[in-house]
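In what follows, a structure is listed as structure tokens, so that the remarks can point back to it.
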Amino acid sequence: PDGTRLAIASLDKTMMVWTVFGQWRRKPLRHCSAVLMCAWSPDGTRLAIASLDKTMMVWTVFGQWRRKPLRHCSAVLMCAWSPDGTRLA
């Protein structure tokens with residue numbers, strides 16, 4: 001959201017945060033299966049991550065889980081925040 005970081009979802013079961021200058025911000029965040037999509041919260045403090053492991057997880061920019069994984073009956077292909085950052089879809 002502030003234009004200084006880039007979140008990258010990967011089929012290798014990781015999500016990485018880079019600076020726009022090509023530097024790693026954090027160690028890769030790991031999932032049990034391929035990570036298909038990630039979305040920044042509107043305030044830029046959290047990342048929602050959708051995965052083939054049937055979960056959506058919310059991480060802080062410091063690499064900490066914000067809550068337990070949100071489970072679904074099949075792979076989670078996409079994720080998006082509400083404009084006020086209080087809900088996920």
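Because only heavy atoms are used, hydrogens play no part in the values below, and waters and symmetry mates are left out as well, while side chains stay in.
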Those residues that, when tested against T14, pass side chain to side chain contact (heavy atoms under 4.5 Å, CB included) (two or more places apart):
S10, D12, M16, P28, R30
Sorted by chain and number, sequence neighbours left out, side chain to side chain contact (heavy atoms under 4.5 Å, CB included) with A7 holds for M15, C38, W40, L47
Remaining members of the apolar cluster that contains L77, side-chain heavy atoms under 4.5 Å
L11, L36, M37, L52, M78
Quick one: hydrophobic cluster around F21, which other residues, with the 4.5 Å side-chain cut-off, linked directly or via members?
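V20, all in the cluster of F21.
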S82: which residues meet the side chain to side chain donor-acceptor pair (under 3.5 Å) condition with it, sequence neighbours left out?
D84
Taking the side chain from H72 and the backbone from S74, do they hold a donor-acceptor pair closer than 3.5 Å?
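Side chain of H72 to backbone of S74: a pair is present.
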